[in-house]
Number of protein chains: 2
Amino acid sequence: MLEGVEIFKRLTPAERTRLAAMSREQRFAKGQTVFRAGDPADAVWVVRTGRVHLMKFLEGGQAATTCVMTPRESFCCLPALDRQPYPVNAIAATDTVVLRIPIAAFHDLLQRNPTFLEDALGVFCERLRQVEHKSCMLYDPVERRLAQALLTLSGKFGTTIPLTKHELAELAGTTVETAIRVLSDLKKRKILSSSRGSTTILQPAALEQLAEA
Amino acid sequence: MLEGVEIFKRLTPAERTRLAAMSREQRFAKGQTVFRAGDPADAVWVVRTGRVHLMKFLEGGQAATTCVMTPRESFCCLPALDRQPYPVNAIAATDTVVLRIPIAAFHDLLQRNPTFLEDALGVFCERLRQVEHKSCMLYDPVERRLAQALLTLSGKFGTTIPLTKHELAELAGTTVETAIRVLSDLKKRKILSSSRGSTTILQPAALEQLAEA
DNA sequence: CGCGCTCCATGATGTGGATCATAGAACTCT
DNA sequence: AGAGTTCTATGATCCACATCATGGAGCGCG
């Protein structure tokens with residue numbers, strides 16, 4: 001199963017079974033906390049089934065989702081690398097099974113295997129670029145932020161995205177109400193349709209146009 | 001001189017002279033462009049004298065400064081690492097001398113020297129955390145963003161920060177007018193003082209309080 | 001010296017989106 | 001089936017900030 005995970009793609013079968021042997025599956029019910037921001041980073045994680053949201057809790061009880069992790073995606077390699085505490089909270093957004101890879105196993109690999117280091121570095125650069133991109137859409141209006149969020153989600157889920165309006169709002173950095181307003185406007189314009197708990201993209205092209213300039 | 005640069009700190013004298021030999025100094029007048037976003041990344045840069053701003057140009061002619069680089073700081077290691085184009089524009093904010101280290105020299109070092117790889121990775125993690133932190137203050141009010149900007153600048157310049165209000169505004173992601181309004185308010189509260197082209201922090205503690213919760 | 005430029009400052013007005021309030025629709029659990 | 005809960009929806013109000021407009025203060029330059 002590790003084979004399908006980007007960062008572990010080029011491990012040898014032997015390394016993979018060794019890694020798997022050191023790791024444990026863990027089950028979380030919807031809404032449970034996988035780890036909290038500030039916790040010491042003692043593991044790298046891979047989603048097996050379900051969905052995990054990485055999120056910040058801001059003062060005033062608002063929550064901002066920084067990233068939605070879906071099956072075969074790994075997260076929190078950074079804290080593992082520099083041995084700093086987790087910078088975000090990880091919450092199971094649905095019933096979820098994750099693989100917990102102890103940090104020791106990760107470092108073990110890093111030291112033995114220069115190819116792995118390369119791959120890790122690659123994943124890493126990718127992530128940095130993502131974050132930088134996200135941070136510069138700080139100034140964009142809500143519609144564009146939502147459009148972007150939907151597009152990146154469609155990369156993970158396909159054209160039908162199984163998130164509630166509330167979750168979309170948290171991801172776009174806005175409130176449920178305005179998210180709903182914007183989305184129903186897009187619905188009127190036939191760019192997407194939506195039902196309880198999911199929205200589906202009808203015109204990806206139009207959405208991309210909104211997302212860009 | 002390379003000795004003072006964080007990422008090159010642990011090079012041997014021999015490596016440093018070799019690196020220096022492959023590099024070139026380059027001079028830019030105030031306002032000149034060092035490189036543009038989208039250009040292929042063919043070098044890593046170190047500021048020798050002056051000041052370089054990394055910035056994005058948004059539609060509508062607005063500019064956002066993502067980072068202010070001062071002497072002994074290196075920038076654009078990321079593009080060098082993953083061989084992707086520069087993600088930002090680099091503009092000389094004053095008359096400036098920079099050291100231009102060709103990407104080949106950088107990769108050469110990476111391959112030969114595992115200690116260097118470690119250091120590079122460290123600088124890198126640091127940067128990722130910075131960016132993530134910045135991106136989550138998306139929701140903060142202007143006053144807090146400005147306070148944060150001033151504090152990180154005071155780490156580079158000391159208590160007196162030689163930037164115009166306009167530059168501060170670009171760094172805090174707001175307009176000159178509101179930056180000026182907020183700053184003059186802080187001035188009234190004796191937290192800082194300012195003159196043409198510079199502002200100095202009088203009460204770092206008070207500023208930190210504004211910057212946090 | 002006077003002209004022009006950049007920087008600073010402050011007031012007037014407009015607006016995107018948060019907040020508050022309310023309510024119906026759909027799903028869940030007993 | 002009924003009760004509670006989550007999700008969706010929409011209207012009314014409010015506010016932080018952008019935008020527009022204008023004027024003055026410091027500084028360089030012909």
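This one's a predicted model, so the numbers in the text were calculated from it and none came from an experiment. Proteins get letters first, then strands, A, B, ... in listed order; numbering begins at 1 in each.
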Would you indicate which nucleotide in [options] comes nearest to any side-chain atom of [X]?
{"X": "I180(A)", "options": "dC17(D), dT10(D), dT10(C)", "result": "dT10(D)"}
{"X": "R196(A)", "options": "dA25(D), dT6(D), dA9(C)", "result": "dT6(D)"}
{"X": "K165(A)", "options": "dA25(D), dG17(C), dA9(D)", "result": "dA9(D)"}
{"X": "T164(A)", "options": "dG17(C), dT8(D), dA25(D)", "result": "dT8(D)"}

Quiz item: Of all heavy-atom pairs between T70(B) and V47(B), which one has the smallest distance, and what is that distance?
Solution: O-CB, 3.5 Å

Quiz item: Closest heavy-atom contact between S135(A) and V131(B)?
Solution: OG-CG1, 4.5 Å

Roughly how many Å is it from [atom1] in [X] to [atom2] in [N], rounded to a whole number?
{"X": "E143(A)", "N": "dA18(C)", "atom1": "CD", "atom2": "P", "result": "14 Å"}
{"X": "R145(B)", "N": "dA16(D)", "atom1": "CZ", "atom2": "P", "result": "14 Å"}
{"X": "E177(B)", "N": "dG24(D)", "atom1": "CD", "atom2": "C1'", "result": "16 Å"}
{"X": "D140(B)", "N": "dA18(C)", "atom1": "CG", "atom2": "P", "result": "14 Å"}
{"X": "L183(A)", "N": "dG17(C)", "atom1": "CG", "atom2": "P", "result": "13 Å"}
{"X": "L192(B)", "N": "dC8(C)", "atom1": "CG", "atom2": "P", "result": "13 Å"}
{"X": "Q62(B)", "N": "dC17(D)", "atom1": "CD", "atom2": "C1'", "result": "12 Å"}
{"X": "Y139(A)", "N": "dG17(C)", "atom1": "OH", "atom2": "P", "result": "16 Å"}

Are OP1 or OP2 of [N] and a side-chain N or O of [X] less than 4.0 angstrom apart?
{"X": "T178(B)", "N": "dA18(D)", "answer": "yes"}
{"X": "S184(A)", "N": "dT8(D)", "answer": "no"}
{"X": "T175(A)", "N": "dA18(C)", "answer": "yes"}

Using a heavy-atom cut-off of under 4.0 Å over every strand shown, decide if [X] touches base, sugar-phosphate, or nothing.
{"X": "S194(B)", "answer": "nothing"}
{"X": "V142(B)", "answer": "sugar-phosphate"}
{"X": "T199(B)", "answer": "nothing"}

Quiz item: Can the ring centroids of F75(B) and Y86(B) be said to lie less than 6.0 angstrom from one another?
Solution: no

Practice problem: Verify the neighbour count for atom CD of Q209(B): are there more than 12 heavy atoms of other residues, nucleotides or ligands below 6.0 Å? | Solution: no

Self-check item: Side chain R181(A) and base dT10(D) donor-acceptor under 3.5 Å
Solution: no

Exercise. Check the angle between the aromatic planes of F116(B) and F106(B) and answer parallel, tilted or perpendicular using the 30° and 60° thresholds.
Key: perpendicular

